[in-house]
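Before any comments, here is the structure.
So you know, we letter chains A, B, ... as the sequences are listed, proteins then strands, and number each from 1. Side-chain atoms are counted along with the backbone in the values below, which use heavy atoms only and exclude waters and symmetry mates.
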Protein chains: 2
Amino acid sequence: MAELDKFDHRLLELLQENARLTGSALAQQVGLSSAACLRRVQRLRESGVIERDIAVINPRVFGKRMTVVVLVTLNNDRPDRYNLLRAELAKAPEVVQCDHVTGAHDIVLRVKVADMEDYSAFVDRVLVQPYIKRYESLAVLGVIK
Amino acid sequence: MAELDKFDHRLLELLQENARLTGSALAQQVGLSSAACLRRVQRLRESGVIERDIAVINPRVFGKRMTVVVLVTLNNDRPDRYNLLRAELAKAPEVVQCDHVTGAHDIVLRVKVADMEDYSAFVDRVLVQPYIKRYESLAVLGVIK
DNA sequence: GGTTTTACGCGACAATTTCGCAAATTTTCG
DNA sequence: CGAAAATTTGCGAAATTGTCGCGTAAAACC
């Protein structure tokens, strides 16, 4: 993976905001020709710098109107179960993000559900189990960024 | 915003994974003509169902190899400063996600930085201020999802 | 300083998207 | 239930966008 110059950085910056920018739109903002921009973007994709392009969908469409951040603390006396839990969390459709972290907690989840009932069902199904010692639910009131 | 049928749902599902799918690729998987698919996608964009399309960039490219989840607790005696802080957090380039939440904490941040030093600078610049009572840093060891 | 390498812009070509239109399907309403 | 209205489809043409080769210019290397 070769070095990225300021043109590449600018392109990434722009595409990170709007991946549908056209060659000439990029050209205008970057100061290269359309073809040059597209060639660079093509290489950025092939080399894996741009991992993929995704559509951001309004969560209300799927009836997922509620987001919850969950701080999970594990029972550290059962390290064998960790991979199982990992797999389970990755599989759960409600979980849109899941990080293993250091500190007072072990796992931070971002969960999208329709409503409280839905969330409650998720908790019962996934979170209530002996390997999880404690979990703290933080309902998202508003997305600042 | 009209009702979405199964075709729209399938299109969204596909584009959520890969926004660069071409009209005929969509047609093949959805069972409509290329033009019909593209027309529907166009409408989904215009109506805001598809909020935007973004390129996912390998974080290492920008040298941001470290992710931290930060739980922020505010001094609730200064409600006037909330909007200021909001704006400041939204502006900070290190902050990739920022939610206002209920519960034991007030704000949950997702921060991407190069290293500890970088993170420390971020903390000093943004987080160390009278309006913030406390913050808890959870370094991300691994992204499960 | 000359040579090689790399990247650019230009322009032709290919692929993709957009648009108009008639037919088909679905919805509305008497 | 059935006809009129509205919506959506597929097809094909037109427009836009992306890809590629080529000659040239700039940068890197020796």
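- Ion pair A:Glu88/A:Arg86 not flagged as a salt bridge, since none of the NZ, NE, NH1 or NH2 atoms sits closer than 4.0 Å to an Asp/Glu carboxylate oxygen.
- With a 4.5 Å cut-off on side-chain heavy atoms, B:Leu11 and B:Val30 count as touching.
- The pair A:Asp53-A:Arg20 fails the salt-bridge criterion, with no side-chain N (NZ, NE, NH1 or NH2) lying under 4.0 Å from an Asp/Glu carboxylate O.
- A:Arg43 has no carboxylate O lying under 4.0 Å from a charged side-chain N of A:Glu46, or vice versa, which leaves the two without a salt bridge.
- Side-chain contact of B:Gln97 with A:Arg110: a donor-acceptor pair under 3.5 Å is present, judged by distance alone.
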Pairs: protein N or O with nucleotides 10-16 of chain D N or O, under 3.5 Å:
unit_1	atom_1	unit_2	atom_2	d
D:dG10	OP1	B:Ser33	N	3.4
D:dG10	OP2	B:Ser33	N	2.8
D:dG10	OP2	B:Ser33	OG	2.7
D:dG10	N7	B:Arg39	NH2	3.0
D:dG10	O6	B:Arg39	NH1	3.1

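- Here the range on DNA chain C touched by chain A, meaning any atom under 4.0 Å from one of its heavy atoms, is C:dA7 to C:dC10.
- When rounded to the nearest whole Å, the span between CG of B:Leu11 and C1' of D:dT8 equals 14 Å.
- Under the 4.0 Å criterion applied to side-chain N and carboxylate O atoms, B:Asp106 and B:Arg134 are not assigned as salt-bridge partners.
- Taking 4.0 Å as the cut-off between side-chain N and carboxylate O, B:Glu17 and A:Arg52 count as a salt-bridged pair.
- Applying the side-chain hydrogen bond (donor to acceptor under 3.5 Å, both in side chains) rule to pairs touching residues 114-126 of chain B yields B:Glu94-B:Arg125, B:Tyr119-B:Ser137, sequence neighbours excluded.
- Summary of the strand contacts: B:Arg20 and B:Phe7 both lie near DNA chain D, and taking for each the nucleotide with the nearest heavy atom, the more 5' one is attributed to B:Phe7.
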